[in-house]
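Every chain is numbered from 1 and lettered A, B, ... according to where its sequence line falls, protein lines coming before strand lines.
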Protein chains: 2
Amino acid sequence: MATIEDVAKAAGVSKGTVSNVFSKKRPASKEVTKRVIEIANQLNYKPNYWARTLAIKETRIIGLKMPGENSKFSQFHLALLNGVLHVCYENGYRLLVNTLSPEFQNQIQNVSSDPVDGEIYLDPEQNDGRLDHRTQSDPPAVVIGRPPRGLESSLCYVDNDNEATAEQVTSYLLELGHRNILFLNTSKARTVSEDRKRGYDKAFINKELEVQQELSLFKQIDISSLLYGYQSIKEMDSKRVPFSAVITDSDKVALGVYRAAIDLGLSIPNDISVVAFSDESIVAPEFAPPLSSVYLNAEELGREAARILLERIQDNRVPVTHHIIQSKLVIRESCRRWQPHD
Amino acid sequence: MATIEDVAKAAGVSKGTVSNVFSKKRPASKEVTKRVIEIANQLNYKPNYWARTLAIKETRIIGLKMPGENSKFSQFHLALLNGVLHVCYENGYRLLVNTLSPEFQNQIQNVSSDPVDGEIYLDPEQNDGRLDHRTQSDPPAVVIGRPPRGLESSLCYVDNDNEATAEQVTSYLLELGHRNILFLNTSKARTVSEDRKRGYDKAFINKELEVQQELSLFKQIDISSLLYGYQSIKEMDSKRVPFSAVITDSDKVALGVYRAAIDLGLSIPNDISVVAFSDESIVAPEFAPPLSSVYLNAEELGREAARILLERIQDNRVPVTHHIIQSKLVIRESCRRWQPHD
DNA sequence: AACATCAATTAAACCGGTTTAATGTTATAG
DNA sequence: CTATAACATTAAACCGGTTTAATTGATGTT
């Protein structure tokens, strides 16, 4: 690969001039510009990205940090990613997906600063190593979701109002007459599970009803969403724990619930009502019956996070902001007024 | 941010020694190692990624290049991405998603080498600017999908056998007695559309039937998949073009077909049989009726592409390889034997 | 003619690491 | 007790850009 030196020599000018022709940061005469560009083309010269980065201390790359383990992108992440990418596209930024295993990163040979101008953190957890170890000198960051207690005030984040949404969903079911509402929450480690649980509890308390803790489940990390939904229902059934409605963490979990219902000869919504969080796919309407679910606006979460991040990158003195993205409960046909059987 | 120089001074050793402690490329004594690491921690020192990259000419980043315009990741891309990420994770690589607008990249200030060790190209097109302009000095590349004619022999790629699969799908419908089979193909620009069309034609020719070209449609770039499916059916219906089966490019297009069928009071599969390519979501079974579709194994496509790329990065003299990933037609309930109505 | 102004250019320093070649130090063999 | 190998360390060069400060030469002013 040709270097700036090669081009400078061939064009009979100094490195600085070639640099100016390419960066346009200072003027160069018409003739020189023309000659340099011609020769650069001949030599197939392109400025070296990393050399430039080293000199100007800007990568024009933003990072996306997944939580620790080898996690997969979900439907929700996909929408979110598309939002982030959209903003990147508009602003000439690239996106670096950071999936390095803890083992890899802990080896001293692999320790290094992150090669980005700023980072978006996904799926914050209660004790989030990624966030705890952040220091002043790290690049700007924006979290999607609520950061763990204690870090809320010092970190920018973008989130839904998960507590209010959970309360709304639960109230909806309570008003339909349901009293035994199974809550298939996401993993306890994630901060969002706590918020949703609080909203769920609140809905009961508002109606002066008692919360049945044994109906609040948390997903284990090692189980798939589909199985989580399926097995939970099967288990509740075999333990003869009564419930007439289910709130699930995602449409995938709801799918598991649907399948379990079929297996158990239960009808949705006649025997069980179902509502899901996090429906970003276009398929909820295709469920039989169409699934009522909460649209979280993941794409907007991604867009907004990226926008805020770029702002901070340009000027890191802008105040820490917290941005709430509107979510929306979409009622379809998976819920029904509860009336005791026979 | 502290530099290697700061650490070296504070520890009373040379830059080279600090470098050796961190890179482990050459030995350092126990005491020196200990002292250097201690001081590095105190100063919160981490080796600068860009400086290191410039020196060793290795980024440990692989790139993912989307086609030109601001395109979104689909369900298919998601599965593929997860495959790529998995391999990255295992091998300590980061993934850079490159979505820069052509306008951005064409400005001289933004011209530069790509900041990656190798690249994966998605959705190759017949006249693909990204691929045409590649030169010997560009980093190693792997294409997912068939490269345009002329570049096939010089580029590594991973693909399904789209021709054979399309032939299989079409034959399946022909054997069910269908003769007017609408083919809602993907955009004509993409190489895959050509391959599938060839397979479709072949199935007819094998049976010594004539291909009705007016039943072969190609998606326009500016229309959503859902609308493409919906409008195509509506249009065929209003033009009174007879057809009894539809092959769609993806489950999203199929969804549009389902919705049009409802609008037109047509029953699937009684009036229209439907088969989709590219079903990577878990929802095809949730369609009413469950959608027969071709599982393309996108995750494996991604994994294999990443694997081949890493191989080439380690040794770019390995021969150019073409890898075919198995796809599979999954029969569900959206197709039926064709018998003329009353 | 002398001086100030301005644009284009350059040599050299710099960004923060790695690597080479040389040096000093200690252990091992003859 | 050397000669030699093996090891740890360092100074200096290098990677390929950008930037600073100085220089040149052309233009304009009085």
For [X] and [N], give me the distance from atom [atom1] to atom [atom2], rounded to whole Å.
X       : N      : atom1 : atom2 : answer
B/Lys25 : C/dT19 : NZ    : P     : 4 Å
A/Asp6  : D/dG16 : CG    : P     : 9 Å
B/Arg52 : C/dG17 : CZ    : C1'   : 8 Å
A/Glu5  : C/dT10 : CD    : P     : 13 Å
B/Phe22 : C/dG16 : CZ    : C1'   : 13 Å
B/Ile4  : C/dT19 : CD1   : P     : 11 Å

- Message: Checking the side chain of A/His77 only, and the main-chain atoms of A/Met66 only, is there a donor and an acceptor separated by less than 3.5 Å?
- Response: no

- May I ask you to decide if A/Glu125's main-chain N or O and A/Arg146's side chain share a donor-acceptor pair within less than 3.5 Å? no

Validation: residues 5-13 of chain A side-chain donor-acceptor distances under 3.5 Å, sequence neighbours left out:
residue: A/Asp6; atom: OD2; partner: A/Thr3; partner atom: N; Å: 2.9

- Message: Regarding A/Asn44 and B/Thr135, do their side chains bring together a donor and an acceptor under 3.5 Å, going by distance alone?
- Response: yes

- Task: Assert yes or no for the condition that the ring centre distance of B/Tyr45 to B/Phe22 is strictly below 6.0 Å.
- Result: yes

- Item | Least distance between heavy atoms, A/Tyr93 atom then A/Glu58 atom | OH-OE2, 4.3 Å

- Query: Within a reach of under 6.0 Å around CG of A/Asn127, are more than 12 heavy atoms found that belong to other residues, nucleotides or ligands?
  - Reply: no

- Query: Got a sec: does the CD1 of A/Ile221 have more than 12 other heavy atoms crowding it under 6.0 Å?
  - Reply: no

- Any side-chain N or O of A/Tyr49 less than 4.0 Å from the OP1 or OP2 oxygen of D/dT18? no

- Sub-4.0 Å heavy-atom contacts from residues 53-60 of chain A onto DNA chain D, ordered by number: A/Leu54, A/Ala55, A/Ile56

- Checking all strands, does A/Lys46 fall into the base, sugar-phosphate, or nothing category for heavy-atom contacts under 4.0 angstrom? sugar-phosphate

Review item, nucleotides 9-11 of chain D N/O atoms under 3.5 Å of protein N/O:
residue: D/dT9; atom: OP1; partner: B/Ser29; partner atom: OG; Å: 2.9
residue: D/dT9; atom: OP2; partner: B/Ser29; partner atom: N; Å: 2.9
residue: D/dT10; atom: OP2; partner: B/Ser14; partner atom: N; Å: 3.0
residue: D/dT10; atom: OP2; partner: B/Ser14; partner atom: OG; Å: 3.3
residue: D/dT10; atom: OP2; partner: B/Thr17; partner atom: OG1; Å: 2.6
residue: D/dT10; atom: O4; partner: B/Arg26; partner atom: NH2; Å: 3.4

- Under 4.0 Å between a Lys/Arg side-chain N and an Asp/Glu carboxylate O for B/Asp128 and B/Arg190? no

